[in-house]
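All values below were derived from every heavy atom in this structure, side-chain atoms included, with hydrogens, water molecules and symmetry-related copies excluded. Each chain gets a letter, A, B and so on, in the order the sequences are listed, and its residues count up from 1. Not measured: the values here are computed from a predicted model.
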Number of protein chains: 2
Amino acid sequence: MKTHAKIAASEWAVMRVVWEEHPVTANTIIEVLSKSTDWTPETIRTLINRLMKKGVLGHEREGRAYVYTPLVDEADCVRSESQSFLQRVYGGAAKPMLVGLIEECDLSAEDIESLRDILDKKAEGGTE
Amino acid sequence: MKTHAKIAASEWAVMRVVWEEHPVTANTIIEVLSKSTDWTPETIRTLINRLMKKGVLGHEREGRAYVYTPLVDEADCVRSESQSFLQRVYGGAAKPMLVGLIEECDLSAEDIESLRDILDKKAEGGTE
DNA sequence: GATAAAGTTTTACACATGTAATACTATTTG
DNA sequence: CAAATAGTATTACATGTGTAAAACTTTATC
């Protein structure tokens, strides 16, 4: 597991687009995020540049434009952000966190079934 | 549900002590946090004052010192921080979040049993 | 009453973040 | 070729946050 720079809240929006669609042009990122946020293209470009400065996003030439690719693994980032959330809000106590989240989230019957399966596997796994 | 100022990462440490022990003196907060962080008393006092400026922490005189009490509900803060995390990292998708967290956290057999019960209740609750 | 200690408030500073515009460079179009 | 367009890099600015010290006020001690 690698350590990486902290991704700020608004930077997550950019990274999530890049993880999903890479290699991806700035214009595409802008297109996607203009729909889901109030940001101007300038704001989004700034975020892109900051992420590059942080070393979590890279780019290479493709024609007249750059295509951007992530330099960090999405799963690693999700994991560290999750640990950070767990530590900050629940003092590291996993069970109360899961209890709280399960009670609070909207879940379909299929979701619940699925989660039960995962818990079952986890139980089988024993000390995993 | 009330809206409240955003509590920053380091401020959570202070709020968690206050929620747990209120009404509580600054010295007690400092005592507790000196053990679990590298902060000086000055840093901790600053955080206390910022939280008061944010309107999430209040105080009243008790003898020569103040005792501090939370002005926001812990559950409300946990809820909004959780929603923020869910939105930022998983784009609002509750199930993948729970899957990811369950897979990543250390859970005892009792924990798992407990979580299963909660899922069962959730399933019974139907469209809750 | 003067001094020391205790407790609070104010100030400091660097960096991060949210949000955006402007300046610059390269390519395309007329 | 000049102008327009497209794409990138740099600059801007306010606020927030991490971390802490200094200044101030009140109380306790001698």
In this structure, how many angstroms lie between the [atom2] atom of [N] and the [atom1] atom of [X], rounded?
| X | N | atom1 | atom2 | value |
| --- | --- | --- | --- | --- |
| B:Asn27 | C:dT9 | CG | P | 13 Å |
| B:Ile30 | D:dT19 | CD1 | C1' | 14 Å |
| B:Met15 | D:dT17 | CE | P | 14 Å |
| A:Leu33 | C:dT19 | CG | C1' | 14 Å |
| A:Trp12 | C:dA16 | CH2 | P | 19 Å |

Problem set entry | Test item: side-chain donor near acceptor, A:Thr46 and A:Thr43, under 3.5 Å |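 No.
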Exercise. Can we say B:Lys121 and A:Glu103 salt-bridge, meaning some charged N sits less than 4.0 Å from an Asp/Glu carboxylate O?
Worked result: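 Looking at A:Glu103 together with B:Lys121, the answer is no, because their closest N to O distance does not fall below 4.0 Å.
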Problem set entry | Contacts of type side chain to side chain donor-acceptor pair (under 3.5 Å), residue B:Glu104, not counting sequence neighbours |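 By the side chain to side chain donor-acceptor pair (under 3.5 Å) rule, B:Glu104 matches A:Gln83.
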Exercise. Can you name the closest pair of heavy atoms from A:Thr69 and A:Leu57 and give their distance?
Worked result: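 Residues A:Thr69 and A:Leu57, closest heavy atoms: O-CD1, 3.4 Å.
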For this session: Looking only at non-hydrogen atoms, find the nearest pair between B:Met97 and A:Cys105 and report the distance.
Result: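 Nearest heavy atoms, B:Met97 then A:Cys105: CE-SG, 4.0 Å.
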For this session: Measure the spacing between OG1 of B:Thr25 and OH of B:Tyr66 and express it to the nearest 0.5 Å.
Result: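 Spacing of OG1 (B:Thr25) from OH (B:Tyr66) equals 13.5 Å.
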Exercise. In residues 38-67 of chain A, what residues come within less than 4.0 Å of DNA chain D, judged by heavy atoms?
Worked result: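 Here the set is A:Arg45, A:Asn49, A:Arg50, A:His59, A:Arg64, A:Ala65, A:Tyr66.
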